[in-house]
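Below is one structure, written out as structure tokens; the observations come after it.
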Amino acid sequence: MNQPMKFSQLFMPTLREDPAEAEVVSHKLMVRAGLIRKLASGIYSWLPVGLRSLRKVENIIRDEMNRAGAQEILMPAVQPGDIWKESGRWTAYGKELLRFKDRHDHEYCLGPTHEEVVTDIMRREIRSYRDLPVNLYQIQQKFRDEIRPRFGVMRGREFGMKDAYSFDKDDPGAETSYRAMFQAYINIFKRCGLRFTPVEADSGSIGGSFSHEFMVLAETGEDAIVHCASCGYAANTEKAPFVCSAQTQAQDLDAPPYSKVLTPGMHTVEKATKFLNIEAREMLKTMIYKTDNGPVAVLILGDREVNAIKLKKVVGGESDPELAPPSMVQEVTGVPLGFIGPVGLNMPMLADIGVRALGRVATGGNEPEYHIINVVPGRDFSVTEYHDLSAARPGDLCPQCQGTLTIARGIEVGHVFKLGDKYSKAMGATFLNAEGKKDPIIMGCYGIGIGRTVAASIEQNHDESGIIWPMPLAPFEVTVLPLQAQDPEIMAAAEKLYQDLLGLGVEALLDDRDERAGIKFKDADLVGIPFRVSVSRKSLAAGQVEFKERRSSEVRMIPLAEAAQTLLGWRNDQLAQAKA
RNA sequence: CGGGGCGUAGCGCAGCCUGGUCAGCGCACCUGCCUUGGGCGCAGGGGGACGGAGGUUCAAAUCCUCUCGCCCCGACCA
């Protein structure tokens, strides 16, 4: 890693202006500072300086993964379609899976993830419970044909990822593996100098959640997370349980019989509630979803949105439930979009728990151009089951402490997930337990987006002048600037300091270009090297060099003779601090 | 997949509506002088034939058609 590097030889094409195509700071700065270049939409090359930071993230990950007992492997990027058919994902995965055929017309895909491949490895080799547990990981390029690549390396199609897979003989073992990875992730992101929070990504099943996302808090994050200030609870908005703020009410037995109201053209909650002069939450909307187990009706409060992930958990199946297209709605219910209601609807009806909080509601009339009012759940229709089906949102109650949830944005840099026996069962990865009986291996998977972690770090650490690397990710730790490069004395002093730093194991960059001081300063700021040391006529006359910290802008003079040693100490302080 | 925008020199852009010395500006690059602690100044210079294909026209960067690429927004909450 500590390759000597002089600026005059370094391939680091910096740009004075923002690239036209970049939207977010990290993308702009990564291009401007010469870390990356685009080849095609969502496909990037990493140039030397960017690669150095990328490698640092990788090495921190390796270090922590190895320490947690995982072993590194490398699996193929190209995978045969067969194993995907075995797992059932050949059809379930959707368009993000880039498929193609080889010359023999055999089907292949570019791996978006590697559950199938590792499971295949393990099913061939694992015989006995004595062979378990095992945890394997790799750092490799993945390909997902994203609908809309965005934000540079943050949501690319090809991207570097660390993925680990744990194999255990039973649930307690899998839980232990999960916890070890969870802790390793905390260590990793801490060492990367990120401000992050692990977030529950599963709607808390009994015995705790076994899916967490590691979110880096940033304005430009693509994910919304809900957060409770009072107890620290955090969860992905898509997955957070919805705690109904109102108490469950008894049926409103005083309600008059329901009655039809002509509501021509009022096919949205907004229009209908306005027309009926009621609040959106007093309206029950009926959504028809297409699921692997057939169409279902989902009943939910008018001001809420269905969370497809929660729904999937209830209905089961491989693929995500999708909202039924209008034609299908008509076909299944006999009613056009916008007027469906639970009364007289003959199909499975799942209701959100929020519905229970209402004694009487208005709903679609189940007849074109009609709504009905004074509908009492339980009296006028009965639902198949009540479930938590709506997406959480700010203002909801915290599921842990009854505090109020607020919303924040985050970048998902890591995800730990207990898979259970999904793949091992489907692909026949079994072992003989102590009783000599066959059991499926219990798996877990654990991913980290590497390039995304680099981008997230920049998103969190920058100013108007450029990147501000945290020491552990910095492509170079110190840059030495001879301000008058033509002056042999200055150049010699700078060169000596540079060599001394290298000798001490400090990653130094010597800006030996014959450029004006301003240009060197600008580039140093742009690239974000944490420590800058200037050697000039003025400073040299006093036997000193000028030190400037990128982050704090703090400037101080240090004696030239002790400079290397001093910088080493400060650098070590910062590295140690990141670990603590 | 739907909507919108863009493609002119390495980068950032103007020109297009109202076809005809419009191929131009800033930065970068090259040469020389100068300057030397925050992208310095002056002078000179090289580089593109306007994403691609086809068409209209006496004439096309400019108008039309197709095509490729890139970017943004949206993707059905009944």
Side-chain angles (χ1 to χ4, degrees), chain A residues 13-24 27-28 31-32 34 37-43 94-95 147-152 155 263 265-273 280 283-290 297-308 311 321-330 332-333 335-342 345 352 362-366 368-371 389-391 393 464-466 481-487 490 511 513-526 532-540 545-546 548 553 555:
Chain A
T14 61
L15 265 34
R16 198 183 281 240
E17 290 167 277
D18 284 335
E21 68 197 18
E23 267 256 307
V24 298
H27 187 194
K28 289 178 183 169
V31 174
R32 280 193 57 200
R37 284 294 183 266
K38 185 174 68 181
L39 206 219
S41 180
I43 302 177
K95 296 204 178 72
I147 329 163
R148 189 139 91 81
R150 242 192 289 216
F151 305 153
R155 176 169 292 282
T263 52
M266 308 290 166
H267 58 88
T268 64
V269 168
E270 197 190 339
K271 285 182 180 161
T273 52
M283 165 78 76
L284 192 71
K285 60 182 178 185
T286 308
M287 317 287 295
I288 306 302
Y289 271 85
K290 200 166 65 177
V298 176
L299 310 181
I300 191 166
L301 301 186
D303 64 336
R304 292 243 156 218
E305 300 206 342
V306 175
N307 179 331
L311 179 60
E322 275 178 36
L323 226 36
S327 56
M328 183 175 170
V329 170
Q330 180 72 256
V332 173
T333 66
V335 182
L337 212 63
F339 298 96
I340 314 160
L345 189 61
D352 180 66
T363 77
N366 231 18
E369 315 296 358
Y370 277 98
H371 277 73
L389 295 173
S390 66
R393 61 181 188 194
E464 327 71 58
S465 304
L481 312 187
L483 295 189
Q484 293 87 27
Q486 330 71 22
D487 185 330
I490 288 170
D511 193 343
R513 295 174 299 171
D514 185 11
E515 289 287 0
R516 304 169 58 85
I519 289 180
K520 297 189 179 186
F521 291 151
K522 289 287 184 190
D523 277 336
D525 286 348
L526 211 211
R532 184 185 91 189
V533 185
S534 301
V535 184
S536 67
R537 288 204 183 94
K538 245 190 307 181
S539 72
L540 207 54
V545 292
E546 179 195 272
K548 183 174 182 188
S553 291
V555 177

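Numbered from 1 within each chain, the chains take letters A, B, ... in sequence-line order.
In this structure, A/K28 places its NZ atom 15 Å from C1' of B/C11, rounding to the nearest Å. Between A/I43 atom CD1 and B/G69 atom P there is a gap of 12 Å when expressed in whole angstrom units. In this structure, A/L39 atom CG and B/C70 atom P are separated by 10 Å, rounded to whole Å. The distance between atom CD of A/E17 and atom P of B/C25, rounded to the nearest whole Å, is 16 Å.
One P atom belongs to B/A59, the other to B/U21, and the distance between them is 15 Å to the nearest Å. Spacing of C1' atoms, B/A61 relative to B/U18, comes out at 16 Å, to the nearest Å. Taking the P atoms as reference points, B/C68 lies 31 Å from B/C58, given to the whole Å. Nucleotides B/G7 and B/G12 are separated by 14 Å at their C1' atoms, to the nearest Å. Of the P atoms belonging to B/C6 and B/C17, the separation is 14 Å, rounded to the nearest Å. Between the C1' atoms of B/A75 and B/A23, the separation comes to 42 Å (whole Å). Here the separation of B/G10 from B/G47, taken at their P atoms, is 13 Å to the nearest Å. Here the separation of B/C77 from B/U67, taken at their C1' atoms, is 38 Å to the nearest Å.
Using a 4.5 Å heavy-atom threshold, the side chains of A/K520 and A/P482 count as touching. When side chains are defined from C-beta on, A/D523 counts as touching A/R513, because their heavy atoms get closer than 4.5 Å. No side-chain heavy atom of A/L337 sits less than 4.5 Å from a side-chain heavy atom of A/H267. Side chains of A/L483 and A/F521 form a contact here, defined as non-hydrogen atoms less than 4.5 Å apart. You'll find the side chain of A/K38 stays beyond 4.5 Å of the side chain of A/P19, heavy atoms only. Residues A/I340 and A/N366 have side chains in contact (heavy-atom distance under 4.5 Å, counting atoms from C-beta outward). By the 4.5 Å heavy-atom criterion applied to side chains, A/V535 and A/L540 are counted as neighbours. Using a 4.5 Å cut-off on side-chain heavy atoms (C-beta onward), A/E21 and A/H27 make contact.
Under 4.0 Å is where a charged nitrogen must lie from a carboxylate oxygen, and between A/D487 and A/R537 at least one such pair does. The existence of a salt bridge linking A/R532 and A/E546 is confirmed by a sub-4.0 Å separation between a basic side-chain nitrogen and an acidic carboxylate oxygen.
The partner of B/G2, taking Watson-Crick or G-U wobble pairs whose two distances both stay under 3.5 Å, is B/C73. Across every strand in view, B/G12 sits in a pair with B/C25 that passes the Watson-Crick or G-U test at under 3.5 angstrom. In this entry B/A49 has no Watson-Crick or G-U wobble partner, no candidate having both defining distances under 3.5 Å. The partner of B/G19 cannot be assigned: no Watson-Crick or G-U wobble pair with both contacts below 3.5 Å exists in any strand. With a 3.5 Å ceiling on both atom-pair distances, the Watson-Crick or G-U wobble partner of B/G41 is B/C33.
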Pairs: protein N or O with nucleotides 71-77 of chain B N or O, under 3.5 Å:
residue : atom : partner : partner atom : Å
B/C71   : OP2  : A/S41   : OG           : 2.9
B/C73   : OP2  : A/R148  : NH1          : 2.6
B/C73   : OP2  : A/R148  : NH2          : 2.4
B/C77   : O2'  : A/K285  : NZ           : 2.9
B/C77   : O2   : A/K285  : NZ           : 3.4
B/C77   : O2   : A/V306  : N            : 3.4
B/C77   : N3   : A/V306  : N            : 3.2
B/C77   : N4   : A/V306  : O            : 3.3

Distances under 3.5 Å only, N/O to N/O: pair up the protein atoms with those of nucleotides 37-45 of chain B.
residue : atom : partner : partner atom : Å
B/G37   : O6   : A/S536  : OG           : 2.3
B/G37   : N1   : A/E546  : OE1          : 3.1
B/G37   : N2   : A/E546  : OE1          : 2.5
B/G37   : N2   : A/E546  : OE2          : 2.7
B/G38   : O6   : A/R532  : NH1          : 2.9
B/G38   : O6   : A/R532  : NH2          : 3.2
B/G38   : O6   : A/K548  : NZ           : 3.2
B/G38   : N1   : A/D525  : OD2          : 3.0
B/G38   : N2   : A/D525  : OD2          : 2.5
B/G39   : O2'  : A/R16   : NH1          : 2.3
B/G39   : O2'  : A/R16   : NH2          : 3.0
B/G39   : N1   : A/D523  : OD1          : 3.3
B/C40   : O4'  : A/R516  : NH2          : 3.4
B/C40   : N1   : A/R516  : NH1          : 3.2

